[in-house]
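In what follows, residues are counted from 1 in the order of the sequence shown. All values reported here derive from a predicted model rather than from experimental measurement. For ligands, and for the atoms within them, numbers begin at 1 and follow the listed sequence.
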Amino acid sequence: MTKIYVLRYGHRPERDKRITSHVALVARAFGAHGFILEDIVDEKILETIRKVEERWGGRLYVEMGVDSRKYVLDWKKKGGIVVHLTMYGLHIDDVIDEIRNLGKDILVVVGAEKVPPFFYEHADYNVAIGHQPHSEVAALAIFLDRYYQGKELHLSFPNAKLIIVPSPKGKKVITVAKKEEKRKENREKTGAK
Ligand code: SAM
C-alpha cells in the first residue's frame, strides 16, 4: 500500500500551534499515514492528535524534531517521492494522475513561513493548488482529496469510540465503547460467551 506522510516545515510554536494541529488533523482525516514536524517537538500538537484518536480512532504515525532536509533526502533514498505544495508549482490538474500512477510512497511538504529553495529543488513535484496564496490546511486537504479522488471522505478508523450517524438535523453519535460495555454486561448476566 502506498504510504503518504506529511512534513510540516517551519512551525513556529507560538504562532502556528492551531494551524499545525489542523494540518495534522487533516492529514489523519484525509487519509495520510504519518505526520512529521521538523526541528521542534511540540507536545501540545501531539496531545491534540492523540486526543482525537482516543475518541475517533486510528493511529497516525507521528515524528517530531526531525531534520527536514535529511528527512527529504532519506525519503528519496528509500524510493519515495517528495511533493512540495506551493502556489508557484505545476497546477494539480496537470500532475495528480501522474503522481498517483507512480504508486510510490509520498512525502507531502507544506510550509508555514517562507520555504527555502532546498525544498523546491529536491521535490520531485512542486504542486500548486491553484496559483493564489491561501493556506497549508486547504492545500493539503485538496491535494489528498484529488489524490484519493474523494474516497477518503468515507474513511472510518479502527478502535473508534464514537461514530457519527449522518443526520439531516442535529447530532447523532453512536458510542461504540458503551455498546461494547453493554454487550459485556449482558454476557456476564446471561453467562453467554
Ligand atoms: N509566504 C510563504 C512562502 O512564500 O513560501 C507561504 C506561506 S503559506 C501561508 C503556507 C503554506 O501553504 C505554503 O508553504 C504552502 O505549502 C501552502 N500553500 C499556500 N497556498 C498554496 C497554493 N496555492 N498551492 C499550494 N500550496 C499552497
Transitive ILVMFWY side-chain link [X] to [Y], under 4.5 Å:
X	Y	answer
Leu107	Ile99	no
Val6	Tyr125	yes
Val72	Leu37	no

Please report which non-hydrogen protein atom sits nearest to [atom], along with the residue it belongs to and the distance in Å to one decimal place.
atom	value
atom 5 (O) of ligand 1	Val115 N, 3.5 Å
atom 16 (O) of ligand 1	Leu85 O, 2.6 Å
atom 27 (C) of ligand 1	Ala139 CB, 3.8 Å
atom 24 (N) of ligand 1	Ile129 N, 3.0 Å
atom 11 (C) of ligand 1	Gly111 O, 3.4 Å
atom 6 (C) of ligand 1	Ala112 O, 4.4 Å

Going by the order shown, which atoms of ligand 1 are within less than 4.0 Å of some heavy atom of [X]?
X	result
Thr86	24 (N), 25 (C), 26 (N)
Val110	16 (O)
Ala128	24 (N)
Ser135	12 (O), 19 (C)

Arg18, CZ: over 12 other non-hydrogen atoms inside 6.0 angstrom: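 Not more than 12 within 6.0 Å, no.
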
Arg50 CZ: over 12 foreign heavy atoms closer than 6.0 Å: yes

Considering His134, Gln132, Lys114 one by one, which has a heavy atom nearer to atom 19 (C) of ligand 1 than any of the others?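 Comparing heavy atoms across His134, Gln132, Lys114, the nearest one to atom 19 (C) of ligand 1 lies in His134.
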
Minimum non-hydrogen distance to atom 17 (C) of ligand 1, winning option of Met87, Glu136, Glu113: Glu136

Whether Arg8 and Glu136 form a salt bridge (side-chain N of Lys/Arg under 4.0 Å from carboxylate O of Asp/Glu) is what I want to check. yes

So which bit of Ala138 gets within less than 4.0 Å of ligand 1, heavy atoms only: side chain, backbone, both or neither? neither

For Phe157 and Trp56, the nearest pair of non-hydrogen atoms, with its separation, is CB-O, 3.5 Å

Look at ligand 1 and say whether Val127 reaches it with a heavy atom at a distance under 4.0 Å. yes

Here the gap from His11 atom NE2 to Ile40 atom CD1, rounded to the nearest 0.5 Å, amounts to 5.5 Å

Hey, could you give me the CD1/CD1 distance between Ile174 and Ile163, rounded to the nearest 0.5 Å?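 Rounded to the nearest 0.5 Å, the CD1-CD1 separation comes to 6.0 Å.
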
Determine, counting only non-hydrogen atoms of the protein, whether one lies under 4.0 angstrom from atom 1 (N) of ligand 1. no

Kindly assign one of parallel, tilted or perpendicular to the pair His84 and Tyr120, based on the angle between their ring planes and the thresholds 30° and 60°. perpendicular

